[in-house]
Amino acid sequence: MELPNKYDPSLTEDKWYAYWIKNKFFHSEPDGREPYTIVIPPPNVTGVLHMGHMMNNTLQDLLTRRARMMGKNALWVPGTDHASIATEAKVVNRLSSQGIRKRDLTREQFLEHAWAWTEEHGGIILKQLRRLGASCDWDRTAFTMDETRSESVLKVFVDLYRKGLIYRGLRMVNWDPKAQTVLSTEEVVYRDEKSKLYYLRYYVADAGSNPVKPTGEEGEVLHRDENGRYYAVVATTRPETIMGDTAMCINPKDPKNRWLSGHKVTVPLVGRTIPVIEDRYVDVEFGTGCLKVTPAHDVNDYALGKTHNLETIDIFNPDGTLSEAAGLYVGMDRMDVRKRIAKDLENSGLMEKVEDYENKVGYSERNPDTAVEPRLCKQWFLSMKHFADIALPPVLEGKIKFHPAKYVNIYRTWLENIQDWCISRQLWWGHRIPAYFLPVEEGREEVFVVALTPQEALEEARRQKGFENVKLEDLRRDEDALDTWFSSWLWPVSLFNGINDPGNREIEYYYPTCDLVTAPDIIFFWVARMIMAGEEYMKDVPFRNVYFTGIVRDKLGRKMSKQLGNSPDPIGLIEKYGADGVRLGIMLCTSAGNDILFDEAQVELGRNFSNKIWNAFRLVQGWTVEEKPQGEADRIAVEWFRSEFNRTLEQVNEDFSRFRINDAVMAIYKLFWDDFCAWYLEIVKPGFADGRQIPMDKATYEATVSFFDSLLKLLHPVMPFITEELWQNLEPRKDGETIMLERIPDVEKYDEKLISDFALATEAIASVRALRQQKNISPKEPLRLQVRKDGYPQNMSSVISKMANVSSIDVVDEVDTSVAGQSFLVGTVQFFIPLEGMIDVEEERTKILAEIQRYEGFLRGVEAKLSNERFVANAPAQVVELERKKQSDATSKIASLKERLETLK
RNA sequence: GAGGCUUUAGCUCAGCUGGUUUAGAGCGCUUGCUUGACAGGCAAGAGGUCAGCAGUUCAAAUCUGCUAAGCCUCACCA
């Protein structure tokens, strides 16, 4: 078969993927083998593939394929996430572009649009994963809102409610005014922001009752205006909230504000009179030491309001505009009000000054332009104390291993300071909370029941006192949906239907899963909560290893973003470099927990490597065989490569077991390119005679094919397509055979002496080649070589002869340096090449002198150690012995170099 | 503000339990290579005060402390 000299991935990738699918090689069913399970971190159902996914999913595929080729029953379960906030936002946007407002639709109408959108865009990302070669069991593709998963979510909600772990409560929560829903504390991201600190005058309202004068002359001036009226000054970053002020607070230990104690002040512009309260919460040093208290719009103020029994005035509408309760600026957005009120305060002489100020402002994780508002409302919460208690031990005790381990601390800190999880969202796209409110009179406290179905809810309701005759249509189901993560946290369990059908064959077999590959930014959102759910519902961990990837950045270290345009299109890369090339390139630069700086040169390297493999195959494929004895160099090469392969295999296994994926992949890369191609194949490659390739002996040929076979297997998990293509052509295969289901060889014993002897030979060869280059001697001109027999592995002569084009190697007691020539050392072995008339004596002397200097310096260091009595007395015997060996080696090297110098005179 | 991590060749990173020939890899760079696998290649090279300072030790890139720069996580200071 005539093969082109360039590998063309487009001719193989789709073909083999279709073959794998047709033969159901990705499909897994429970059986007697050891299971290996990975569940995909479900991407947003309407998302598209980005570089982060590429890395993450290549890793998962690599691990899955490798496990499969180690004889395990490997299963990688794919699926998508309904991503309630993100998807709902997209649907709302699309509707608004069609002139439809969400609030004009019923819930059912809106959900129809949302499902249509999901069907339209859903699953694109899963199709893209196929291009990458992902060996997911597509028959098991799941969705967080499909029937099984939805049922699981509702069951868990009901169960946790009955266990008393879910409660409904009035709390200060984080409100996203754009999405118009609450968020959990984890969904708020804080950003440093340059803002202003406004100093506002709050006049003392009961001046008639002779307030205690501010102490000190300075105070007199500061706190009294030209009309003699006293005032306090409050520093705030949020002047737009003054309409909600219900107190001013000072620290009781603050002498400079003592005079305000017990008085009342007037809120500027608003004119409302509010009390001055005292609380040690107030920082005396900050601003003026006077704090305005707005219980409805600040977490701390809310706490103050509770302890001091203050009125709460909510001045915002859900969309962030000012409500009727504000009295002023009604209907304006809060951010506009801030600018406007600053001017108005200024004009009314109520603004003392404005300072630049840097503070942290919380933004919505999903709507990064929207500042989150603290807001008081009634929501559903999951009590976390219990879950923290069950989720911490498995990680601390090492039942679950984090790679890298540094995340254990982060995990621990979070769990030890955990807050209750707000799980309700004011969204429609999601799992609707299975709570039903019963009809009560206006103003009475709400009464509700929690049940899986309306029918069960009705039965439950009728057991409530006073509701014995309630009817189904009287029940009003809670409008809210659940936080998306409230379904994702069940993923490793719900994928195997472990909630709805506990103890079923699949959950028993596949759970716990083995490895989880995910990004560290969802450690709290997802990883921690899966551990909680796993422990709660399976009484066991959901996975044994968590591999945290880094963030994919561009080569300048910037995050990839649409705005910067620095995010390559993954499918474009696959088309340009081949999926195998992209996979290899990315795998070479990942390491657990470290960000990767992506450079297209990386995948170019991967493409080049594909080509290297391809051409190595072309070489081997073109060989002919005849009956003849195996040559000596060939025999050594075969034995050596067998050892080298096993040594590397051992290293690769070790690297994989420690999740040092890039090291493992690099080791395989070097094994193939450097050891197999550059050394092994070059040694056994037959020459040409009379314009025809010399046939090769059977033993060498068969060894080579078997090495190629092993190498392809080792490479397959990283580069599935090209390895399948070549494996299929390496020997005749039957339909239905695949490299995917072959076994990666086990490590066999190897000969370390042979490996080190061969290393010496390669160094000697490199030295001869270097010499040729320096002296301008053609590689084709044969040279003769002398070698001093001490420490020289004579079995390497045939290899050296062939690779360095040396016509004869004389192994001698002492090299004959009486003729002109060049000597060199490999380790302690001395080589000499006679080169009559080919060397420049002066240049040679300079070089040898430099060499002597280097060794003398080294020797001085060694001797300094050895002459140090404390070293000889304290260091372990073998370390001292080693130093002695270094000393004698260096001494003999120097001696031989000096001798050589003599002969050059 | 509290904890944690990082700093080794031009770039990205190894260097694991202090000791193995006075530091390794990949990429990049330099030089030389056109007939038999591959220029997406082959061969040979250059390149380092291991961030700085002080300490512990017979011995430090490796352990400790301080300093500097960068990054991450958490935290209610208006």
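Computation of the quantities below employed the complete heavy-atom set of this structure, encompassing side-chain atoms and omitting hydrogens, waters and symmetry-equivalent molecules. Chain letters run A, B, ... following the sequence lines, proteins first, then strands; residues in each count from 1.
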Report task. Find the partner of B:A60: check Watson-Crick (N1-N3 plus N6-O4 or O6-N4) and G-U wobble (N1-O2, O6-N3) distances, both under 3.5 Å, and reply none if neither fits. Result -> none
Query - Atom C1', compared across B:U12 and B:G4: separation rounded to whole Å - result: 23 Å
Requested in this report: Could you check whether A:Asn594 gets within reach of a base, just the sugar-phosphate, or nothing at all, counting any heavy atom under 4.0 Å?
Outcome: sugar-phosphate
Query raised in the report: Given B:C58, is OP1 or OP2 found less than 4.0 Å from the side-chain N or O atoms of A:Arg870?
Result: yes
**Report entry** Nucleotide nearest A:Val879 when distance is taken to its side chain, options B:U31, B:A37, B:G19
**Finding:** B:G19
Query raised in the report: If we take the C1' atom in both B:A25 and B:G15, what is their distance in whole Å?
Result: 10 Å
Query raised in the report: Contact class for A:Thr236 (heavy atom, under 4.0 Å): base, sugar-phosphate, or nothing?
Result: sugar-phosphate
Query - A:Asp298 side, atom CG; A:Leu291 side, atom CG - distance, nearest 0.5 Å - result: 8.0 Å
Query - Among B:A14, B:G40, B:A39, the one nearest A:Asn5 by side-chain distance - result: B:A39
Query - Spatial distance of atom CD1 (A:Ile755) from atom CD (A:Glu644) [nearest 0.5 Å] - result: 5.0 Å
**Report entry** A:Arg658/A:Glu654 ion pair, N-O < 4.0 Å
**Finding:** yes
**Report entry** Distance, rounded to the nearest Å, where A:Tyr281 contributes OH and B:A75 contributes C1'
**Finding:** 12 Å
Requested in this report: Tell me what A:Val299 touches on the nucleic acid: a base, only sugar-phosphate, or nothing, going by heavy atoms under 4.0 Å.
Outcome: nothing
Requested in this report: Tell me what A:Lys6 touches on the nucleic acid: a base, only sugar-phosphate, or nothing, going by heavy atoms under 4.0 Å.
Outcome: base
**Report entry** Taking every non-hydrogen atom, the tightest pair across A:Ser184 and A:Cys422
**Finding:** CB-O, 4.1 Å
Report task. Send over the distance from A:Arg772 CZ to B:C42 C1', rounded to a whole Å. Result -> 15 Å
Query raised in the report: With both distances under 3.5 Å as the test, what is the Watson-Crick or G-U wobble partner of B:A51?
Result: B:U67
Query raised in the report: Does A:Asp674 come within less than 4.0 Å of A:Lys670, counting only side-chain N to carboxylate O?
Result: no
Query raised in the report: Hey, does the side chain of A:Tyr357 come within less than 4.0 Å of B:A78's phosphate (OP1/OP2), counting only N and O?
Result: yes
Query raised in the report: Given atom CG of A:Asp192 and atom P of B:C77, what is their separation to the nearest angstrom?
Result: 11 Å
Query raised in the report: Mind checking the C1' distance from B:A43 to B:U34? Whole angstroms is fine.
Result: 15 Å
Query raised in the report: If only side-chain N and O atoms of A:Trp679 are considered, is one of them under 4.0 Å from the OP1 or OP2 phosphate oxygen of B:A43?
Result: no
Query raised in the report: Using a cut-off of 4.0 Å on non-hydrogen atoms, how would the nucleic acid contact of A:Val282 be classed: base, sugar-phosphate, or nothing?
Result: base
Report task. Using side chain to side chain contact (heavy atoms under 4.5 Å, CB included) as the criterion, list what pairs up with A:Leu619, not counting sequence neighbours. Result -> A:Trp623, A:Leu681, A:Lys685
Query raised in the report: Is A:Ala873 touching bases, backbone alone, or none of the nucleic acid, heavy atoms closer than 4.0 Å?
Result: nothing
Query raised in the report: Quick check: are there more than 12 heavy atoms from other residues, nucleotides or ligands sitting under 6.0 Å from CD of A:Glu285?
Result: no
Query raised in the report: Who is the Watson-Crick or G-U wobble partner of B:G3, with both distances under 3.5 Å?
Result: B:C72
Report task. Assign A:Leu291 to base, sugar-phosphate, or nothing according to its heavy-atom contacts below 4.0 angstrom with the strands shown. Result -> base
Query raised in the report: Do the ring planes of A:Tyr669 and A:Trp673 sit parallel (below 30°), tilted (30 to 60°) or perpendicular (above 60°)?
Result: tilted
Requested in this report: Answer with base, sugar-phosphate or nothing: what part of the nucleic acid does A:Ala303 contact at a heavy-atom distance below 4.0 Å?
Outcome: nothing
Interface polar pairs with nucleotides 23-28 of chain B, N/O, under 3.5 angstrom:
{"unit_1": "B:A25", "atom_1": "O2'", "unit_2": "A:Lys670", "atom_2": "NZ", "d": "3.1"}

Query raised in the report: Would you say B:C58 has OP1 or OP2 under 4.0 Å from some side-chain N or O of A:Asn874?
Result: yes
Report task. Test for a donor-acceptor pair under 3.5 Å between the base of B:A59 and the side chain of A:Glu883, counting only N and O atoms. Result -> no
**Report entry** Atom-to-atom span, CD of A:Glu763 to P of B:A44 - whole angstrom
**Finding:** 11 Å
Report task. Decide yes or no, distance alone: a donor-acceptor N/O pair under 3.5 angstrom between the base of B:C77 and the side-chain of A:Asp283. Result -> yes
Query raised in the report: Toward the 5' end of RNA chain B, which comes first, A:Arg692 or A:Arg769, by nearest nucleotide?
Result: A:Arg692
Query raised in the report: Which way is the base of B:G36 turned, syn or anti, if we draw the line at 90° from 0?
Result: syn
Report task. Using ring pair (Phe, Tyr, Trp, His ring centres under 6.0 Å) as the criterion, point out the one residue from A:Phe548, A:Trp414, A:Phe402 that pairs with A:Tyr407. Result -> A:Phe548
Report task. Send over the distance from A:Phe548 CZ to B:C71 C1', rounded to a whole Å. Result -> 18 Å
Query raised in the report: Under 30°, 30 to 60°, or over 60°: which ring-plane class applies to A:Tyr7 and A:Trp614, parallel, tilted or perpendicular?
Result: tilted
Requested in this report: Take the angle between the ring planes of A:Phe824 and A:Phe831 and call it parallel below 30°, perpendicular above 60°, tilted in between.
Outcome: parallel
Report summary line: With the side chain defined as heavy atoms from C-beta on, A:Phe871 is closest, among B:C5, B:G19, B:G40, to B:G19
Query raised in the report: Is B:C33 paired to anything, Watson-Crick or G-U wobble with both distances less than 3.5 Å, and if yes, which nucleotide?
Result: B:G41
Tabulate protein N/O versus nucleotide N/O from nucleotides 15-18 of chain B, keeping only pairs under 3.5 Å, one per line.
{"unit_1": "B:G15", "atom_1": "OP1", "unit_2": "A:Arg660", "atom_2": "NH1", "d": "3.1"}
{"unit_1": "B:G15", "atom_1": "OP1", "unit_2": "A:Arg660", "atom_2": "NH2", "d": "2.9"}
{"unit_1": "B:C16", "atom_1": "O2", "unit_2": "A:Arg658", "atom_2": "NH1", "d": "3.0"}
{"unit_1": "B:C16", "atom_1": "O2", "unit_2": "A:Arg658", "atom_2": "NH2", "d": "3.3"}

Report summary line: When every non-hydrogen atom of A:Leu771 is compared with those of A:Ile833, the smallest separation belongs to CD2-CD1, 3.2 Å
Requested in this report: Would you please confirm or rule out a distance under 4.0 Å between OP1 or OP2 of B:C42 and any side-chain N or O of A:Lys612?
Outcome: yes
Query raised in the report: Is A:Arg607 touching bases, backbone alone, or none of the nucleic acid, heavy atoms closer than 4.0 Å?
Result: base
Report task. Check the distance between B:U73's P and A:Ile410's CD1 and give it to me in whole angstrom. Result -> 8 Å
Query raised in the report: Taking atom P of B:U12 as reference, at what distance in whole Å does atom CD1 of A:Ile586 sit?
Result: 19 Å
Report task. Scan A:Pro876 against the nucleic acid and name what it touches under 4.0 Å (heavy atoms): base, sugar-phosphate only, or nothing. Result -> base
Query raised in the report: Touch check for A:Asn409, heavy atoms < 4.0 angstrom, all strands: base, sugar-phosphate only, or nothing?
Result: nothing
Requested in this report: Check every strand shown and say whether A:Trp623 touches a base, only sugar-phosphate, or nothing at a heavy-atom separation below 4.0 Å.
Outcome: nothing
Report task. With RNA chain B as reference, determine whether A:Gly691 or A:Lys885 sits nearer its 5' end, using the nearest nucleotide of each. Result -> A:Lys885
